[in-house]
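These numbers come from a predicted model, not from an experiment. Lettering of chains follows the sequences in order, A, B, ..., and the numbering in each one begins at 1. Scope of the values below: all heavy atoms of this structure, side chains included, with no hydrogens, waters or symmetry mates.
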Amino acid sequence: MERPRSAALNGDVPENLPVISRPRDGAMVGGVCAGLARRWHLDPNLLRIAVVVLSIFGGLGLVAYGSALLLMPREGQAEMPVRRFLPFTRAWSTGTVVAVTIAAAVVTIAVVGSNGIGLGPVVVIFLIWFFGFRGRNQRTAPPPEPTPFERAAENWRQRLVEQQTPGYEASALASASEQRWTQPYTDPAADLAVRDDDLPAAVAPASARRPRRSWRLWWLALTLAGVSLAVVTVLAVVGVPTPPLAYTAAVLAGLGLTLLVAARRGRPPLLLPATLVMAAVTAGMMGSANHLAMPSMGEVHRTYTTGTQLPPEVTLSAGELTVDLTGLQLDADQNLVVHVGAGQLNLKVPDGVNTQVDWKVKFGEFNPTDVANSDQSQDGVDLSGSARYPASSANAPTLHVTASVDFGELDVTP
Amino acid sequence: MTHDRAAFGFGVLAVALAALALWTAYGHVEWRLVGIAAPIVLVVAGIGILLLSRRHN
C-alpha cells in the first residue's frame, strides 16, 4: 500500500510557505533560479538561460537577479536579505520593501541598461551548453533522511508484508531456530521501545547539507586584484595612457584567477556574484567605447549628416544595416568602410557630395536602384564593381565608400 | 574530492574577458584573432569542466 507522505518529505515546498526562498542545494550562484523553479515547477536551467540572455542583451537579467537576491530569503530564514543589509528597512512593510527594490531596479536599468555585449551570442551558446551539460550529469537530490518514527513504521510494514507472503508459515517454522526478529505482540515491552539496532540502516545522503563555506579565499582575491591594480597604476604613472577600463579589467582578472583557484579549494561566499558584476561592468565599458568595431547582430539604422559624425567604419555581423547619408555635408574628402557579414546592406548616398562606391559581394546580389548604374545590377559569387554618384555641385568634396557584403544583398540608393 | 565546475567555468570566462579588456585598453584589438581564440577558450573551458566532472572512486 502506498503511504501518503507529506509535501516536505516529497521534496516539495509546503503550500503555506509565505515566501519563495533560495535553497542551498541545487543553487548555482545565489539560488534565485533554483528557488523560483522549485516554486513554479520549472526546469531551473531554463530560468538560468533566460537570466543570462537578458543580462547580456541590456542587463535586465542582472538587475532582476540582483533584486530577487535581495528580496528572497535563504531557505529556512524568514527575513529578506535587504532588511539585513539595510536595517532601517525593517520598519517598512513588506510591500514597501518590494516596491522600493523594484523601483531601484527600474532606475538602474534606465541608467545603465543600454550597454550590451557584442560577443553575446558566443557567451549564450557556451552557457547553454554549460548548463545543459550540468543538467545531464547532475544527480537527483537524495531523499530526505527519515525520522526515527518513519523508520520504525517502515520496519513494521515490512514485517506485515512478510507475514502475508504465501509460504510464510512454513519458512517461519523452518527457520524458527534462527529467528531474526521477535514476533509482534509476544513481547509488548520490546515492541514499544524503538532501538537503533532494530531499525533499518538509514540511507546516508551524499550531500545532505553543504558545509559552511570559508571566506578565507577572499584574501587571495583581494591580493590578486590589488597587485593587478598596482601594475596598472604603475603603468599610468610612468606615462602609459591608461583608461578606466584597465582598472576594472585588472580587478576582474584578480577575481577570475581566484575563481580558478576556488574550483579546487572551495568557492568563498559572494565571490561568483562579485565576479559577474565586475564582468558586466567591464563588458559595459568595452561596449561603450565607440572605437571598437565589435561584432553585432540585428537591424541597425545609422544616419550621418556631418563629416565629424562619420566614423571610419560601420560593420554588422548579421542582419540588416541601413546607412543613411542623404543629408551628409562634407568640408573635405572622406572615406567610409561599410561591411555586413550576412544579411542586407542598404546604402543611401548623399546628394550634395560626390560619392564613389567601391562595392563587393562574395555571395549574393548587388542592386543599385538608380538608372545610371542599373547596368551593374547582378547576382552571383565574387561580385565587385564601382559606381559613381556625382553631386549637384561640381566643387563638392568626394566621399569614398567601400561597401561589402559577404552573404546577402547590397542595395545602393541615391 | 569534488570540484566546483561553476567556479572553473566562470573563472576561465572572467580571465578571458579581463585579458580582452586589457588588450582593448592598451592596444588595438584584432577581432579576427579574437574570433579564433574565443572558440578555443570555450573548448578549453569545456574540457576542463568535463575533467572536473569525472567521479573519483
Side-chain angles (χ1 to χ4, degrees), chain A residues 27-29 117-119 122-123 125-127 129-131 133-134 137-139 207 228 232 235 240-268 271-272 275-276 278-280 282-283 285-286 289 291-295 315, chain B:
Chain A
M28 287 289 295
V29 181
I117 306 172
L119 283 172
V122 177
V123 180
I125 291 170
F126 167 74
L127 290 173
W129 167 78
F130 173 70
F131 287 121
F133 175 81
R134 273 186 67 87
N137 286 274
Q138 207 168 26
R139 291 187 293 275
S207 57
S228 306
V232 171
L235 288 174
V240 177
T242 305
L245 176 62
Y247 294 95
T248 61
V251 175
L252 178 62
L255 296 179
L257 289 173
T258 309
L259 266 183
L260 291 178
V261 176
R264 187 172 179 82
R265 302 283 300 274
R267 191 196 330 157
L271 178 62
L272 186 51
T275 308
L276 292 177
M278 190 51 67
T282 306
M285 293 176 74
M286 286 175 65
H291 63 280
L292 292 179
M294 296 185 72
T315 63
Chain B
M1 180 180 177
T2 59
H3 297 279
D4 193 338
R5 286 164 283 170
F8 179 81
F10 284 109
V12 170
L13 285 182
V15 171
L17 181 61
L20 184 62
L22 285 172
W23 190 2
T24 304
Y26 289 110
H28 178 72
V29 177
E30 294 289 341
W31 288 104
R32 194 177 298 276
L33 197 61
V34 173
I36 297 171
I40 295 174
V41 169
L42 295 182
V43 169
V44 167
I47 292 175
I49 293 167
L50 193 66
L51 293 176
L52 292 180
S53 304
R54 290 192 307 173
R55 292 186 188 181
H56 299 278
N57 295 322

For this session: Among Val29(A), Val240(A), Thr242(A), single out the residue with the greatest number of heavy-atom pairs under 4.5 Å to chain B.
Result: Thr242(A)
Problem set entry | Heavy-atom pairs under 4.5 Å with chain B, option from Ala246(A), Ala262(A), Ala253(A) with the top count | Ala246(A)
Heavy atoms only: give me the nearest [X]-[Y] pair and the separation to one decimal.
X	Y	value
Leu17(B)	Ala283(A)	CD2-CB, 4.4 Å
Thr275(A)	Ala14(B)	CG2-CB, 3.7 Å
Val15(B)	Gly256(A)	CG2-C, 3.6 Å
Ala18(B)	Ala249(A)	CB-O, 3.5 Å

Between [X] and chain B, with a heavy-atom cut-off of 4.5 Å, which part of the residue counts as in contact: side chain, backbone, both or neither?
X	answer
Leu235(A)	side chain
Leu255(A)	neither
Val251(A)	neither
Leu272(A)	side chain

Exercise. Are any non-hydrogen side-chain atoms of Thr24(B) and Met285(A) less than 4.5 angstrom apart?
Worked result: no
Problem set entry | Beyond-backbone contact of Leu260(A) with Phe8(B), side-chain heavy atoms, under 4.5 angstrom | yes
For this session: Measure Tyr26(B) against the heavy atoms of chain A and call it side chain, backbone, both or neither at under 4.5 Å.
Result: side chain
